[in-house]
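Heads up: the structure comes next, in structure tokens.
Since the model is a prediction, treat every value here as computed from it, not as a measurement.
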Amino acid sequence: MELKNIRESITYKTRVTVLSGAGISAPSGVPTFRGGADSLWENMRPEELATPQAFSADPEKVWRWYDWRRGLLEPCKPNAAHYALVELENIAGNVTIITQNVDGLHQLAGSTNLMEFHGSIWVTRCLKCNEEKINRTVPLPIIPECECGGMLRPGVVWFGEGINPGIMQASIEASSNCDLFLVIGTSGLVHPAAGMAHIAKDSGATVVEFNLEPGGVSSHTDLFVTGSADLTVPQLISE
Ligand code: BJW
Ligand code: ZN
């Protein structure tokens, strides 16, 4: 099977579900988490920063990391891979994107049916009143405070935290009920997100992966497309 066969098989009736990860945003200048000299954790252990324990122990350190990343992300624009998925909505009638990314680039590109599985770096949540708010201020005061006086935290999902139950349920449904499942730019190491590819495969979908190199879900794919997502994903919609 080649990408050409997949492209030719897509009609308005094809139900497509996408699992995207940091690699789809890499061509936009967003650093990935694992591997590569520029990756976010090259010199740090994830459990030092992306856990509720790390935040309780040193909220200032964790907020500095997020504030630095928000600054890096602010000028980043969607790339050809994000736009190809928007275009795909005109070819296949039912496209659902499950993104592990917190960068907001799928929305910026214009994708409509989107789930932010690990939350958003542009959302804050109050530890006291629980209010969630969109917040695009860069840089933020450290540590940012809610109007109620409570401490704010980033609106993302850290290790050991559960996925929003509504998003979890909808993601399982979208993965179980699709014809084509696209895995784009994820190492496939973090669960339960990576498990969506397994659910799709076990439910009979054709699974196509786009990445520079194989990862945690590659043994569950029908086709592996090697290359940078901004060059390969657009080939799904035109030659
Ligand atoms: C390119 C490219 C280009 C580069 N083109 N490609 C089952 C088994 C084992 C462990 C677990 C399990 N179930 C749960 C766990 C524990 C844990 C986990 O998965 N650990 C593993 C690491 C071992 N999971 C959790 O803790 C999750 N919660 C949970 O399970 O809760 C249970 C619970 C239930 C009920 C109540 C309470 C608890 C939560 C996971 C949260 C992950 N959060 C993060 C941080 C988000 C906030 C932030 O941004 O700071 O999410 S971690 C980080 O990893 C981030 C990402 O979304 C996630 C995935 O990373 P991703 O996107 O795959 O990026 P990379 O960098 O890993 O890979 C980039 C890829 O791109 C590579 O493959 C490159 O090759 C490729 N690439 N350039 C195409 N140009
Ligand atoms: Zn509050």
Side-chain angles (χ1 to χ4, degrees), residues 1-30 73 75-120 122 134 164 166-186 188 193-194 196-197 199-201 203-212 217 220-239:
M1 196 192 300
E2 292 174 43
L3 195 54
K4 180 173 179 283
N5 307 112
I6 305 287
R7 179 169 63 237
E8 289 169 356
S9 74
I10 301 175
T11 71
Y12 206 70
K13 285 188 179 164
T14 312
R15 299 163 303 168
V16 186
T17 298
V18 179
L19 174 68
S20 68
I24 195 172
S25 294
S28 296
V30 179
L73 282 172
C76 294
K77 302 271 181 291
N79 63 62
H82 296 101
Y83 287 119
L85 295 178
V86 179
E87 185 73 15
L88 189 60
E89 292 185 18
N90 300 320
I91 303 169
N94 188 335
V95 177
T96 305
I97 300 177
I98 304 166
T99 188
Q100 297 169 83
N101 299 344
V102 299
D103 56 32
L105 292 181
H106 283 296
Q107 289 94 321
L108 209 55
S111 283
T112 57
N113 192 7
L114 179 72
M115 288 181 276
E116 293 184 302
F117 204 79
H118 291 155
S120 169
W122 303 114
I134 294 173
N164 170 298
I167 290 180
M168 185 69 193
Q169 196 50 42
S171 298
I172 292 172
E173 270 163 32
S175 306
S176 323
N177 299 300
C178 63
D179 306 298
L180 180 60
F181 190 88
L182 309 176
V183 185
I184 307 175
T186 177
M196 299 302 145
I199 292 173
K201 181 74 183 147
S203 306
T206 301
V207 180
V208 182
E209 180 171 15
F210 299 82
N211 202 314
L212 299 174
V217 302
H220 281 68
T221 58
D222 297 290
L223 176 66
F224 186 88
V225 184
T226 310
S228 188
D230 59 327
L231 304 177
T232 54
V233 178
Q235 293 173 31
L236 253 185
I237 51 168
S238 64
E239 279 182 71

Is the shortest side-chain heavy-atom distance between [X] and [Y] below 4.5 Å?
X      : Y      : answer
Asn101 : Ser20  : yes
Ile10  : Leu236 : yes
Tyr83  : Ile237 : no
Glu116 : Thr99  : yes
Trp122 : Leu73  : yes

State, to 0.1 Å, how close [X] and [Y] come at their nearest heavy-atom pair, and which atoms those are.
X      : Y      : value
Leu223 : Glu2   : CD2-C, 3.7 Å
Met196 : Ile98  : CG-CD1, 4.4 Å
Phe117 : Met168 : CZ-SD, 3.8 Å
Ser25  : Leu105 : OG-CD1, 3.7 Å
Ser28  : Asn79  : OG-ND2, 2.9 Å
Cys76  : Val30  : SG-CG2, 4.0 Å

Taking side chain to side chain donor-acceptor pair (under 3.5 Å) as the test, write out the residues that go with [X], two or more places apart.
X      : result
Lys77  : none
Thr96  : Asn113
Asp222 : Lys201

Let me have the donor-acceptor pairs involving side chains of residues 224-235, under 3.5 Å, with sequence neighbours excluded, atom names and distances please.
{"from": "Ser228", "atom 1": "OG", "to": "Asp230", "atom 2": "OD1", "distance (Å)": "2.7"}
{"from": "Thr232", "atom 1": "OG1", "to": "Ser228", "atom 2": "O", "distance (Å)": "3.3"}
{"from": "Gln235", "atom 1": "NE2", "to": "Leu231", "atom 2": "O", "distance (Å)": "3.1"}

Checklist entry - Which residue pairs pass the ring pair (Phe, Tyr, Trp, His ring centres under 6.0 Å) test with at least one member in residues 96-116, sequence neighbours excluded? => result His82-His106
Next on the checklist: Could you check whether atom CD of Glu8 has more than 12 heavy atoms from other residues, nucleotides or ligands sitting under 6.0 Å from it?
Outcome noted: yes
Checklist entry - Just one of Val208, Leu85, Leu114, Ile24 clears the side-chain contact (heavy atoms from CB on, under 4.5 Å) bar with Val18, so which one? => result Leu85
Next on the checklist: Checking His220 now: which residues fulfil ring pair (Phe, Tyr, Trp, His ring centres under 6.0 Å) with it, not counting sequence neighbours?
Outcome noted: His198
